[in-house]
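Everything on this sheet refers to the single structure shown next.
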Amino acid sequence: MDFREIERKWQREWEKHGIFHADPSEKEKFFITIPYPYLNGNLHAGHTRTFTIGDAVARYMRMLGYNVLFPMGFHVTGTPIIGLAELIEKRDERTIDVYTKFHDVPYDDLIQLTTPEKIVEYFSREAENALRMIGFSIDWRRKFTTMDEAYQRFIEWQYWKLKEKNLIVKGSHPVRYCPHDDNPVEDHDLLAGESATIVEFTVIKFRLEDSDIILPCATLRPETVFGVTNIWLKPETYVIVRVDGERWMVSRKAYEKLKFTDKNVEFVKEVDAGSFFGRYAVNPVTGRKVPVLPAEFVDPDNATGVVMSVPAHAPFDYVAIKDLERSGILEMYGIGRDVIEKLKPVVLIEIEGEKHVVPAEAITEELGIKNQNDVELLDRATKLVYKREFHRGVMMENTGKYSGMKVSIAKDRVHEDLIKSGNGDVFYEFSEKPVICRCGTECVVKVVKDQWFLNYSNPEWKEKVLEWLEKMRIIPEYYKEEFRNKIEWLKDKACARRKGLGTRIPWDREWLIESLSDSTIYMAYYIIARHINSGRLSPENLTPELLDHVILGIGDPGTVSKRSGVDPDFVKSLRNEFDYWYPVDLRSSGKDLVANHLLFFLFHHIALFPEEYWPRAIAVNGFVSLEGKKMSKSKGPLLTLRRAVSEFGADVTRMYILHASEYDSDADWKRKDVESLSAHLARLYSLAEEYYLKEPEDITDLDRWLISRFQRAVRETREAMNNLQTRRAVNVAFFEVMNDIRWYLRRGGKNLSIILDDWLRLLAPFTPHICEEIWHWKHDSFISLQPYPDYDESKVSPELEVAERYLEALIDDINEVKKFVERPSRVYIAFAEGWKREALRVARSKSNMKEVMKELMKDERLRKISKDVQSFLRRAFREGEELMEIDEERIVRNAKEFIEKETGLELIIDSEMIPEEKMRASMPGKPAIYIE
RNA sequence: GCGGGGGUUGCCGAGUCAGGAAAAGGCGCAGGGCUUAAGACCCUGUCCCGAAGGGGUCCGAGGGUUCAAAUCCCUCCCCCCGCACCA
């Protein structure tokens, strides 16, 4: 049988009948969205996971009777598409290779894609085809791209709204930057230093005595400013530069870096550090005068190249002073030895409950550090001291107003105070070096000036988001904590760019709205997009008044109609439509979007909409790897959705991906596993061929058993789907039902068709095509629109289920014993003595196992065989009352033939033939067995 | 470092919140059945021992609580992900 042919057939039928088009109705609505994909390549297995989960839920909810809206659009905002167009234009070898090999774009098509427009056109078409060929139940009338004029109107409207609410502010921020390309660099633009982060140094301005020169000491530990004994410079050439009107002395490298900051920097002259040694500078915080001294460990390529020395807490400083003492360097610069003697470590941090030492001295001795060339050990020592002091340290009384403060707090406080007083500044530096751009140039930290920021740090805004989060459903649940933390951690975000595709900031048209910032509330736009696509609305109609009214209910239809040129009745119906669909009931997404998009999604909804339109639930899922390897869009390996479906079929792909893993854990795509899953689905088909159209014969207990078991599958599948546990759902609905069917057929069941209608409906959200196909052998309706099977308690028969389990266990036991008998031919069976049944019943009258055990364990003799008692009781509790109530003899007699077939033995029920010691092993539910 | 998640049988993974069977399901492997054959399908086994349905060991490591611990408590080790302005 050909899966693909069936799939295409039903996809055509669904489309022809528009069965997934959703419009307001009397029914209760369910609005589910999946983040639209970014179109710098083809959809791949990772998308497949997120989308398939969404589609399974959409289909499930539809079958539960909801009016489900499941729309899709395409994201094209930002720089990658432009970058890709440039690379293709340049015929970049690597790009051509990756796109032909992994994205499956034919070479001749690919080389045509030399403009962003062509790329968007091409990949949106491909994406739509792919999404159609896997059979997602999307309402395609609502598609759009973020470059559409109407969408941009909608974004402009949103940004005006945010501006009105003062949620957009101006500021500067540091970015990783390539001086050669004159552009910020992203991770994938780097040759080296991908893991480098931008570190913020505090600059503390020490003024040189009798001079206007400032020595800007860069430090990561501003709180130790109270313990500065001297200043270090490397004995080499430095420069004097004018920085915002001040004269700074910094390393040459530092000067280069300063040019990229938001400061006004002017070169003055070169100077020799040597001529400054022995001079004094003033600590702006303590007023203490400290000498300027030489040290080799100073790295001119790190921050300003000017270092304040805190020998009590900084192992480097401590060791460097020791080195000075031992060497003749001071004499070389004509500095008296008395200077050294004044460099006594000033301890300013204590750790409660520990004895007072000079930390840098202690650690240096402990690690056996000899001199400042022991860089590795010194780095380790520095970290150790920092770690201890940061977490457990408290500022001592010699730190003025910071005295008694925790170091972790004092650190930030001192930093802020320095900046406020004008005695401090910041200097950005990479945490690791070098950071090198793909063009080969070493990157710098650039401070972008006057940029627009979304003011996420706004405490009221945050508070509202945090409060709403508590009311939301987050799946899986433990992600709520993650969201809580991320919301608290979120800082202002730059929302403007110079380069890329996108919408201009309406009040400052030099800037483009950055891609994550234009994707926050676009779910609302699906409702409008439908009418743009049908031609009933044009972009010009989307005036602020219209959007205000439709989305927020502001104004009256009459006025809105005049301003927008839209018929008043249509204005009203748009408003009703919006009000019907909003809010988003579920946003289901990959876990990579938690710390960005999903946060912004919440923040923006909460800022802009009234509470009744705030999102109700968010679900998060993991990634997909390929044969254990991480997929990569830009390097491969990659499995496109299209390739997966053409090779394995839509249903197989869907079911595999749904069953491969749960929630945020990652799935691995293994070709072999996918293939064997294909066989399982084929089995479903052949079972249907054999049984679906067969009229049931007389209904037996075995049939009732199957129906009973099936009820439980229905219940658990529903429960799983209500929690978005697709793996569990598929496991139960498909594999466990399949196992029951195996037993049913093995037992001689003939009426499989009694559950097939329900089974197909149970599976329809996961493997809709094959279910639709089989369903139509008997019905004219679409299974996709049928009601989902309901759990029917009245069809559950615990007795029958216990009876079957009893039988299975009995056969197992007989086969087990059989192994030990030479040439076995007969099995004798006898049932447990009445007194055992009675004892069990008494014990069972207690409410739970714990109670019973407690009671029974008081008896010393029972205690000795507690394990036996345990297994005895466990089973009783598991099986329930029914274990005592079943008529063992009847079950065995009825299944005599079956037992004989399964064991190959003649079965005789006769207690006379069973030796005493075998009889002892019997329990209710476990007859005595004797084989000869 | 901070935050979140995790370590179960050859592999993937349930089970942990509410303590009570070597522990669902899938995959792999082995044996058997069916078949002209292959495939598909069906059955059995897959930690160790066992000539009677049993026994032993086991859930990252080590302690503890309990009649009973993968599950509760304490200590420790290891792994994955995020830490941004990028979609």
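Nothing here was measured: the structure is a model prediction, and the numbers come from that model. Chain letters run A, B, ... following the sequence lines, proteins first, then strands; residues in each count from 1.
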**Prompt:** Side-chain N or O of A:Arg727 less than 4.0 angstrom from OP1 or OP2 on B:rC12?
**Reply:** no

**Message:** Please tell me if A:Lys926 has a side-chain N or O lying less than 4.0 Å from either OP1 or OP2 of B:rG54.
**Reply:** yes

**Salt-bridge present (A:Glu719, A:Arg728; N to O < 4.0 Å)** = yes

**Asked** Which listed nucleotide (B:rC83, B:rG25, B:rA51) is nearest to the side chain of A:Glu822?
**Response** B:rA51

**Request:** Using a 4.0 Å heavy-atom cut-off across all strands, classify A:Asp673 as base, sugar-phosphate, or nothing.
**Result:** sugar-phosphate

**Prompt:** Between B:rG26, B:rA24, B:rC41, which nucleotide gets closest to the side-chain atoms of A:Ala679?
**Reply:** B:rC41

**Message:** Taking any heavy-atom pair under 4.0 Å as a contact, classify A:Pro927: base, sugar-phosphate, or nothing.
**Reply:** base

**Asked** B:rC47 and B:rA52: how far apart are their C1' atoms, nearest whole angstrom?
**Response** 22 Å

**Item:** side-chain N/O A:His173 vs B:rA84 OP1/OP2, d < 4.0 Å
**Value:** no

**Asked** Base, sugar-phosphate alone, or nothing: which one does A:Ser686 contact when heavy atoms must sit under 4.0 Å apart?
**Response** nothing

**Request:** State which residues pass side-chain hydrogen bond (donor to acceptor under 3.5 Å, both in side chains) with A:Ser124; sequence neighbours excluded, sorted by chain then number.
**Result:** none

**Request:** Go through B:rG82, B:rG28, B:rA52 for me and flag the one nearest to the A:Ile931 side chain.
**Result:** B:rA52

**Asked** Is any NZ, NE, NH1 or NH2 atom of the basic residue among A:Lys480 and A:Glu477 found under 4.0 Å from an Asp or Glu carboxylate oxygen of the other?
**Response** no

**Request:** Considering only NZ, NE, NH1 and NH2 on the basic side and carboxylate oxygens on the acidic side, decide whether A:Arg805 and A:Glu808 come within less than 4.0 Å.
**Result:** no

**Request:** Compare side-chain N and O positions of A:Arg742 against OP1 and OP2 of B:rC42 and report whether any pair is under 4.0 Å apart.
**Result:** yes

**Request:** Would you mind classifying the nucleic acid contact of A:Tyr930 as base, sugar-phosphate or nothing, using non-hydrogen atoms under 4.0 angstrom?
**Result:** base

**Message:** As a test of your reading of the structure, name each stem of RNA chain B as range with range, where a stem is three or more consecutive Watson-Crick or G-U pairs at under 3.5 Å.
**Reply:** B:1-7 with B:77-83, B:10-12 with B:25-27, B:28-33 with B:41-46, B:47-49 with B:54-56, B:60-64 with B:72-76

**Request:** For the side chain of A:Glu481, starting at C-beta, report the closest nucleotide among B:rG25, B:rG4, B:rC83.
**Result:** B:rG4

**Below 4.0 Å: OP1/OP2 of B:rA84 and any side-chain N or O of A:Arg176** = no

**Request:** Could you check whether A:Leu490 gets within reach of a base, just the sugar-phosphate, or nothing at all, counting any heavy atom under 4.0 Å?
**Result:** base

**Message:** Using atom P in both nucleotides, what's the gap between B:rC2 and B:rU9 to the nearest angstrom?
**Reply:** 30 Å

**Message:** Side chain of A:Lys672 only, heavy atoms from C-beta on: which candidate in B:rC85, B:rG82, B:rG28 is closest?
**Reply:** B:rG28

**Asked** Nearest of B:rC85, B:rC27, B:rG26 to any side-chain atom of A:Phe735?
**Response** B:rG26

**Complete:** Regarding the side chain of A:His680, the nearest nucleotide among B:rG4, B:rC85, B:rG26 is B:rG26

**Request:** Would you classify A:Thr77 as touching base, sugar-phosphate or nothing, given that sugar-phosphate means primed atoms plus P, OP1 and OP2, and contacts are heavy atoms under 4.0 Å?
**Result:** sugar-phosphate

**Request:** Using a 4.0 Å heavy-atom cut-off across all strands, classify A:Lys819 as base, sugar-phosphate, or nothing.
**Result:** base

**Item:** Aromatic ring proximity A:Phe735/A:His680, centre distance under 6.0 Å
**Value:** yes

**Message:** As a test of reading the structure: which of B:rG4, B:rU44, B:rG53 is closest to the side chain of A:Arg746, going by heavy atoms?
**Reply:** B:rU44

**Message:** Looking only at the side chain of A:Glu816 (C-beta and beyond, no hydrogens), which of the listed nucleotides B:rC85, B:rC12, B:rG54 gets closest?
**Reply:** B:rG54

**Asked** What residues, two or more places apart in sequence or in another chain, satisfy salt bridge (charged side-chain N to carboxylate O under 4.0 Å, His left out) together with A:Lys493?
**Response** A:Glu514

**Asked** So does A:Lys629 pair up with A:Glu627, basic N to acidic O under 4.0 Å?
**Response** no

**Request:** For A:Lys491, answer base if it contacts any base atom (sugar-phosphate contacts may also be present), sugar-phosphate if it contacts only those atoms, and nothing otherwise; contact means non-hydrogen atoms under 4.0 Å.
**Result:** base

**Phosphate OP1/OP2 of B:rG82 contacted by A:Asn596 side-chain N/O (<4.0 Å)** = no

**Item:** Validation row, ring centre A:Phe600 to ring centre A:Tyr456 under 6.0 Å
**Value:** yes

**Asked** Ignoring hydrogens and geometry, is there a side-chain-to-backbone donor-acceptor pair from A:Ser517 to A:Ile513 under 3.5 Å?
**Response** no

